[in-house]
Q: 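If you scroll down you'll find the structure; I have some questions about it.
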Amino acid sequence: MSTLLEVDSISVSFDGFRAINNLSLTVPDTGLRAIIGPNGAGKTTFMDVVTGKTRPDSGRVLWGDGAMNLVGLSESRIARLGLGRKFQRPTVFEAQSVAENLDMALRNPRNPFRVLFAKRTPEDRTRVEAIAEEIGLVSHLGRRAGELSHGQKQWLEIGMLLAQDPRLLLVDEPAAGMTVGEREHTTDLLGRAAKTRAVVVVEHDMEFVRRLDCRVTVLHEGRVLAEGSLDHVTSDQDVIDVYLGR
Ligand code: ADP
């Protein structure tokens with residue numbers, strides 16, 4: 001395993017308020033990682049910096065072998081380098097079928113001309129089925145995405161990101177609003193996806209993070225407060241004080 005992402009001493013201020021304060025962390029190229037923290041800890045700002053939406057005041061975001069600094073690159077350029085971001089709300093094409101959604105993602109929605117004019121190959125079809133299998137929607141390929149449950153829509157969107165074969169998948173609260181069964185499915189799905197790429201889950205739900213069974217980074221006031229297994233960080237007095245509110 002080698003390092004895929006190295007966030008090096010980033011700081012972000014909004015009108016003089018430090019949302020991210022000299023934050024550093026590294027993400028290996030495979031496996032799951034959870035980032036947790038209370039409201040206002042800086043989780044969204046962290047994701048915005050890594051994906052190029054927000055430019056930090058200082059610090060570097062190194063990618064791959066460390067030779068490339070993502071700071072200053074556009075969101076689309078960063079996405080093309082292999083960084084996929086899943087927002088909290090599912091954004092699938094409701095009027096299209098599950099297969100059509102995956103097919104569009106496979107042919108790259110960032111380039112509509114490619115989607116319109118590219119010929120659909122038998123390999124595309126096989127790949128769509130393989131992804132549907134991976135996300136557990138193979139028996140729903142012909143259904144309209146709008147008819148899926150909330151959880152199924154989330155899986156479809158994860159599948160659409162997987163179709164683009166990201167090296168790092170950044171997922172914001174994937175289990176929000178899900179049933180217990182759907183949460184289990186989501187854990188399995190993310191675990192499978194993390195076998196061949198880095199998956200970073202930003203969550204506040206401790207039970208879900210426990211199921212992920214991975215290294216956890218706790219953010220507070222834009223800094224790393226603790227890092228390690230969930231048991232380790234939840235027994236840390238600082239974490240207990242600020243995060244669990246005990
Ligand atoms: P989290 O996602 O962990 O809840 P955020 O990254 O959204 O935290 O926010 C971190 C801090 O930065 C919060 O105090 C928030 O109010 C502040 N903040 C975030 N975005 C902005 C903005 N665009 N303008 C001003 N303050 C912001």
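Whatever order the structure lists ligands and atoms in, that order sets their numbers, starting from 1.
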Q: Among the heavy atoms of Gly37, does any lie under 4.0 Å from an atom of ligand 1?
A: no
Q: Is the shortest side-chain N to carboxylate O distance from Arg85 to Glu75 below 4.0 Å?
A: no
Q: To which protein heavy atom is atom 5 (P) of ligand 1 closest, and what is the distance rounded to 0.1 Å?
A: Thr45 OG1, 3.7 Å
Q: Just to confirm my output: which protein heavy-atom neighbour is closest to atom 12 (O) of ligand 1, and how far is it?
A: Ala19 CB, 3.2 Å
Q: Between atom CG of Leu225 and atom CG of Asp236, what is the distance when rounded to the nearest 0.5 Å?
A: 6.0 Å
Q: With a cut-off of 4.0 Å, which atoms of ligand 1 are near a heavy atom of Ala41?
A: 1 (P), 3 (O), 8 (O)
Q: For atom 2 (O) of ligand 1, grab the closest protein heavy atom and report residue, atom and distance to one decimal in Å.
A: Thr44 OG1, 2.6 Å
Q: List every atom of ligand 1 that sits less than 4.0 Å from any heavy atom of Asn39, numbering the atoms from 1 in the order shown and giving each element.
A: 4 (O)
Q: Side chain, backbone, both or neither: which part of Phe17 has a heavy atom under 4.0 Å from ligand 1?
A: side chain
Q: Less than 4.0 Å from atom 16 (O) of ligand 1, is there any heavy atom belonging to the protein?
A: no
Q: Judged by modelled atom types alone, do Gln154 and Thr186 share a side-chain donor-acceptor pair under 3.5 Å?
A: no
Q: Is the closest basic N to carboxylate O distance between Glu129 and Arg125 below 4.0 Å?
A: yes
Q: Quiz question for you: does at least one protein heavy atom lie closer than 4.0 Å to atom 21 (C) of ligand 1?
A: yes
Q: Does the pair Asp103/Arg107 count as a salt bridge with the N-to-O cut at 4.0 Å?
A: yes
Q: What do the steps show when you test Asn69 against Trp63 for side-chain contact (heavy atoms from CB on, under 4.5 Å), and what is the final call?
A: CA-CA 6 Å; Asn69 186 359; Trp63 178 255; over 6 Å; no
Q: Does a side-chain N-to-carboxylate-O contact under 4.0 Å join Asp205 and Arg183?
A: yes
Q: I want to know if ligand 1 touches Phe14 in the polar sense, i.e. an N/O pair below 3.5 angstrom.
A: no
Q: Does a salt bridge link Arg192 with Glu134, judged by any charged N lying under 4.0 Å from a carboxylate O?
A: no
Q: Looking only at distances, can you tell me whether any N or O atom of Gly42, backbone or side chain, sits closer than 3.5 Å to an N or O atom of ligand 1?
A: yes
Q: Would you say Gly40 has any N or O atom under 3.5 Å from an N or O of ligand 1, going by distance alone?
A: yes
Q: In terms of side-chain geometry, is the basic nitrogen of Arg144 or Glu94 positioned less than 4.0 Å from the acidic oxygen of its partner?
A: no
Q: Check for me whether Pro38 has a heavy atom closer than 4.0 Å to any atom of ligand 1.
A: yes
